[in-house]
Amino acid sequence: MDSLEAGYGDIQVLWNVSIEVDRGEVVAVLGPNGAGKTTLLKAIAGLLKPRKGSIQLDGKRIDGLPPEKIVEEGVALALAEKELFPLMTVRENLLLGAFNKRARRKLDENLALVFSIFPKLRERQLQRAGTMSGGEQQMLAIGRALMTDSKLLLLDEPSTGLSPLLVKNIFEGLRKLMENKSEMSILLVEQRTAQAANLSDRGYILSNGRVVFEGDIEGGLNAQAFVKKYLGM
């Protein structure tokens, strides 16, 4: 994306944001609350119309397309709110992710991938989503996004509200995903900076809607001055 600006009503949240995610990369977006991280993901996914700038996927502009068309182009979003169908089973929620033509052709393959990454979902596939724990629901939200057969997976705070053990399980699953889907890319928004930096190839830091750092976040976290300057910690 290049020089992206976006907001809500009269409030502008993102200012001249340029971010690049190469094929097969995991790129983290970090920053304090209110920095514009979720707004960024919503703009890429088409849930929020950019005011300026462009968003491209494999050289094709996708800004301005409706969300369902952006999914068809290969972008999937798993929000922190999860937005599952609580009365439907795990399997039914997953199958809903495979609504576009490309995903339907690879339904069995992608379902097997999801179950291999998150074995708990295979065990619970006939259970209603609303009766699962928060960590299991987060796995399901990510799994449903994967069922779209995406080229770019947008993850919004996948560790929110989870215990350390479940956070470990989520990030182990994501690491296993990248081993199995070498051409897929992930743009990860996350508050747990150490875990995000460890999983990512590189990252960006947002502050007040602007990119203030780009590069090796994992290395920077070892420097107190870096953490204080860019993350306010």
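Below, all heavy atoms of this structure are taken into account, side chains as well, without hydrogens, waters or symmetry copies.
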Within the distance-only criterion (no hydrogens, no angle test), does the side chain of Tyr204 pair as donor or acceptor with the backbone N or O of Val17 below 3.5 angstrom? no
May I ask you to decide whether Lys60 forms a salt bridge with Glu73, counting only side-chain N to carboxylate O separations under 4.0 Å? yes
Using only heavy-atom distances, determine whether the side chains of Glu5 and Gln12 contain a donor-acceptor pair under 3.5 Å. yes
For the residue pair Leu206 and Ala35, what are the closest heavy atoms and their distance? O-CB, 3.4 Å
Enclosure of Asp216 CG (heavy-atom neighbours >12, cutoff 6.0 Å): yes
Any chance you could lay out the side-chain hydrogen bond (donor to acceptor under 3.5 Å, both in side chains) test for Asn100 and Arg105, step after step, and finish with the verdict? CA-CA 9 Å; Asn100 65 73; Arg105 287 195 296 267; over 6 Å; no
Please determine whether a side-chain nitrogen of the Lys or Arg among Arg104 and Asp149 lies less than 4.0 Å from a carboxylate oxygen of the Asp or Glu. no
Ala28 and Ile217: which non-hydrogen atoms are nearest, and at how many Å? O-CD1, 4.4 Å
Side chains of Ser133 and Gln137: do they bring a donor and an acceptor to under 3.5 Å? no
Between Ser150 and Met184, is any pair of side-chain heavy atoms under 4.5 Å apart? yes
Is it the case that one hydrophobic cluster holds both Leu187 and Leu30, taking links as side-chain heavy atoms less than 4.5 Å apart, direct or via other members? no
Around atom CZ of Phe85, are there more than 12 heavy atoms from other residues, nucleotides or ligands closer than 6.0 Å? no
Where do Ser18 and Asp2 land on the side-chain contact (heavy atoms from CB on, under 4.5 Å) test, with the steps shown first? CA-CA 4 Å; Ser18 296; Asp2 183 49; 3.4 Å; yes
Do Asn93 and Arg128 get their side chains close enough for a donor-acceptor pair, meaning under 3.5 Å? no
Closer than 3.5 angstrom, by distance alone: can the side chain of Lys69 be matched with the main-chain N or O of Ile62 as a donor-acceptor pair? no
Taking Ser185 for the side chain and Asp22 for the main chain, is one N or O donor matched with an acceptor at less than 3.5 Å? yes
Ser159-Glu190 side chain donor-acceptor pair, cut-off 3.5 Å: yes
I would like to know whether Lys151 and Glu183 meet salt bridge (Lys or Arg N to Asp or Glu O under 4.0 Å); could you show each step before the answer? CA-CA 7 Å; Lys151 302 173 185 176; Glu183 292 196 353; over 6 Å; no
Hydrogens and angles aside, do Asp156 and Thr38 bring a side-chain donor and acceptor to less than 3.5 Å of each other? yes
Is it true that Asp63 and Arg61 have a side-chain N and a carboxylate O under 4.0 angstrom from each other? yes
For Lys120 and Gly135, indicate whether the former's side chain and the latter's backbone hold a donor-acceptor pair under 3.5 Å. no
Are Leu153 and Met1 connected, step by step, through hydrophobic side chains (Ile, Leu, Val, Met, Phe, Trp, Tyr) whose heavy atoms are closer than 4.5 Å? no
Does a side chain donor of either Gln191 or Asn33 reach within less than 3.5 Å of an acceptor in the other side chain? yes
